[in-house]
Amino acid sequence: MAIDSTSGAGQNRAMSLLARTSIVSAATLSSRVLGFVRDAATAAVLGAGPAADGLVAALAVPLLARRLLSEGAFNLAFIPALAHAEGEGEGAPRRLAGATLALLFGGLLAFALLAALFMPQVIRLLAPGFEPGGARADVAVLCGRVAVLYLPFAGLAAIYGGVANGAYRVLLPALAPVVANLTVLAVIAVLLLRGLMESDTAAVAIAAATVVAGIAQLCLMMVAARGCPAAPGRATGGWPWRRALGVIRAAAPALLFAGLSQFRLIIIAAAVSASPGAVAALNYAQRLMDLPLGLVGASAGAVLVPALLRKSALSGQAGDAPEASGRAMLAALAFALPAATGLAVLADPIVVTLFQRGSFDAEDARLTAALLTVLALSLPAQGLERILSATASTCGQVKMAERVALGSLAVCLLSAFALGLVAGPQAAAAAAALSAFASILVLGGLLLRAGALAFSRAVLLWGLGLVAASLLMGGCVAVLAALWPAPEGQSAAAVRLGGLVGSGGVVYGGAAWLLKALLPKLARV
């Protein structure tokens with residue numbers, strides 16, 4: 001019997017890809033769970049008082065760097081450049097990686113040193129509502145001068161991680177965020193044991209732990225990249241500085257798209273910084289948004305982009321790419337709509353169950369839940385925005401998508417400060433939804449006109465059905481929550497929250513099953 005070796009090799013590659021994807025998914029889920037634990041522990045130590053506000057403002061830039069450099073966006077430009085360099089002879093990938101590392105590390109180190117020197121001005125920009133010389137501003141400046149040292153380590157980790165991923169080494173890079181969260185949690189555990197609650201010392205210790213976590217990530221990435229042909233090190237010949245600059249420039253769109261939610265958070269935090277506790281509460285609320293939003297973004301990178309590139313590369317199937325983007329938007333809505341509805345309806349029990357302990361009191365929970373309710377409205381739009389950005393990146397519309405993204409940040413800036421001035425922090429938080437919806441309307445319209453996006457009748461009907469199913473789920477959960485009073489005690493509150501979430505899942509699942517049965521009939525009408 002003949003054996004098709006080509007088919008067998010293809011199956012082996014598919015299984016290898018599946019194994020790597022499973023490893024990354026499991027590590028990502030573990031990191032997100034530990035991230036929740038870390039945020040809950042931070043809330044227990046600092047609450048939403050002056051120390052928490054100052055720490056969050058100080059960590060704004062390091063967290064942005066982590067989002068841009070440590071979560072794979074840089075790899076979208078770096079790994080293809082390394083692959084191209086492999087065809088240029090031995091040592092070419094190593095020289096490119098070394099030049100890129102030197103430029104990125106040098107730029108980030110210079111930025112970190114300047115930011116540390118001018119940290120009072122940086123905090124005044126990030127949190128203009130902090131009174132100069134006040135408790136919040138002093139903590140922010142002190143923590144900021146420590147936390148900003150994270151930046152150069154994040155740059156080094158991004159290079160070594162890209163080298164490792166380019167060589168199909170995914171386990172250690174995928175575990176890096178887990179190690180970082182465990183590092184911060186270890187420091188928080190010491191703070192709790194010593195009773196350092198709501199203190200400047202605790203805030204500075206957590207800022208320092210962030211830097212140590214960055215060093216731990218770098219060490220893990222260096223171990224992962226050891227022995228790779230492209231690992232930075234000594235190489236014959238000169239370093240290609242111009243090409244390294246090109247890699248960094250080519251990564252800019254992906255970094256912008258990956259950081260949109262974090263940029264919006266920084267803008268809104270600046271707008272609400274005059275309200276005590278609002279900056280910290282906004283941060284806690286956004287952390288609850290990151291899990292569903294991150295999963296939508298991961299699906300765009302791992303599923304949509306390869307599918308679009310594959311369809312564009314195969315003659316005769318390129319016309320399917322616009323419809324593939326439409327279906328990807330539908331898949332994002334199928335996840336983002338119920339998640340947003342659940343976060344909005346159950347904001348209070350979610351925040352109380354996850355965060356209300358230690359220094360985080362009932363008033364902190366009330367403010368965080370109010371902000372979460374408003375931020376949840378932006379989740380579907382921000383999820384669709386990631387799908388549309390991925391679509392634009394694969395069909396040659398990157399510059400257009402960049403302009404739309406920058407325009408959406410301008411909308412966020414204007415609306416956040418205007419709404420915050422008129423109606424307070426909760427209204428300012430609505431700027432995230434306003435700017436994201438503006439972005440998808442403009443970018444979606446431009447992609448439709450360019451022929452890069454298309455919707456079938458079935459997709460449109462499914463979309464309307466998902467909206468209806470989510471609203472039905474939200475109504476049922478709200479009624480059940482009203483009939484099931486909040487109990488005393490954390491364990492009973494957790495049981496109630498689990499019951500409400502489970503009931504919502506049953507209602508949404510049932511509605512989706514009914515929609516699947518009715519859709520073929522509706523599509524023929």
Side-chain angles (χ1 to χ4, degrees), residues 39 42-43 46-64 67 120-132 134-141 143-144 198 203 259-290 293 343-344 347-348 351 355 359-379 381-382 408-437:
D39 294 332
T42 301
L46 298 179
D53 272 352
L55 176 65
V56 170
L59 291 178
V61 174
L63 288 178
L64 176 62
R67 178 65 54 84
Q121 290 75 21
V122 172
I123 295 302
R124 197 171 303 157
L125 178 65
L126 294 173
F130 287 8
E131 181 183 356
R136 295 192 297 170
D138 287 346
V139 173
V141 171
C143 291
E198 295 190 85
L260 277 175
S261 62
Q262 192 68 29
F263 281 120
R264 290 187 176 113
L265 179 67
I266 291 173
I267 290 171
I268 296 171
V272 305
S273 58
S275 299
V279 174
L282 180 70
N283 177 70
Y284 297 139
Q286 180 63 37
R287 297 285 77 80
L288 292 169
M289 292 270 294
D290 280 344
L293 189 59
L343 287 173
D348 186 69
V351 172
F355 290 108
S359 299
F360 195 91
D361 58 24
E363 182 59 26
D364 297 336
R366 184 201 62 77
L367 178 57
T368 303
L371 292 171
L372 176 60
T373 301
V374 178
L375 286 178
L377 301 177
S378 70
L379 180 55
Q382 293 197 79
S408 77
L409 293 179
V411 171
C412 184
L413 178 66
L414 295 174
S415 57
F417 277 90
L419 292 172
L421 183 64
V422 173
Q426 195 169 355
L434 290 175
S435 61
F437 275 108

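Classified by interplanar angle (parallel below 30°, tilted 30° to 60°, perpendicular above 60°), the ring pair Tyr284/Phe360 is perpendicular.
Going from atom OG of Ser378 over to atom CE of Met289 covers 3.5 Å, rounded to the nearest 0.5 Å. Atom CG of residue Asp39 and atom CD of residue Gln286 lie 11.0 Å apart, to the nearest 0.5 angstrom. The distance from atom CG of Leu282 to atom CD1 of Ile266, rounded to the nearest 0.5 Å, is 11.0 Å. The distance from the CD1 atom of Ile268 to the CG atom of Leu419 is 10.0 Å, given to the nearest 0.5 Å. Atom CD in Gln262 sits 11.0 Å away from atom CD1 in Ile267 (nearest 0.5 Å). A distance of 11.0 Å separates CG of Leu372 from CG of Leu367, quoted to the nearest 0.5 Å.
Leu288 places a side-chain heavy atom less than 4.5 Å from the side chain of Val351. Taking the side chain as every heavy atom from C-beta outward, Leu371 and Pro425 approach each other to under 4.5 Å.
A distance-only check finds a donor-acceptor pair linking the side chain of Asp364 to the backbone of Asp361 [under 3.5 Å]. At least one donor-acceptor pair under 3.5 Å links the side chain of Arg136 to the backbone N or O of Ser273.
Thr368 pairs by the side-chain hydrogen bond (donor to acceptor under 3.5 Å, both in side chains) definition with nothing, not counting sequence neighbours.
Pairing each heavy atom of Ala428 with each of Val272, the nearest pair is CB-CG1, 3.6 Å. Between Val374 and Ala429 the shortest heavy-atom distance is CG1-C, 3.7 Å. Contact detail for Val411 and Ser435: the closest heavy-atom pair is CG1-CA, 4.0 Å. Here the closest heavy-atom approach between residue Ala344 and residue Thr373 is recorded as O-OG1, 3.7 Å. Closest of all the heavy-atom pairs between Leu343 and Ala376 is CB-CB, 3.9 Å. The two atoms that bring Ala57 and Ala127 nearest to each other are CB-CB, 4.3 Å, heavy atoms only.
No hydrogens or angles considered: a donor-acceptor pair under 3.5 Å links the side chains of Ser261 and Arg67.
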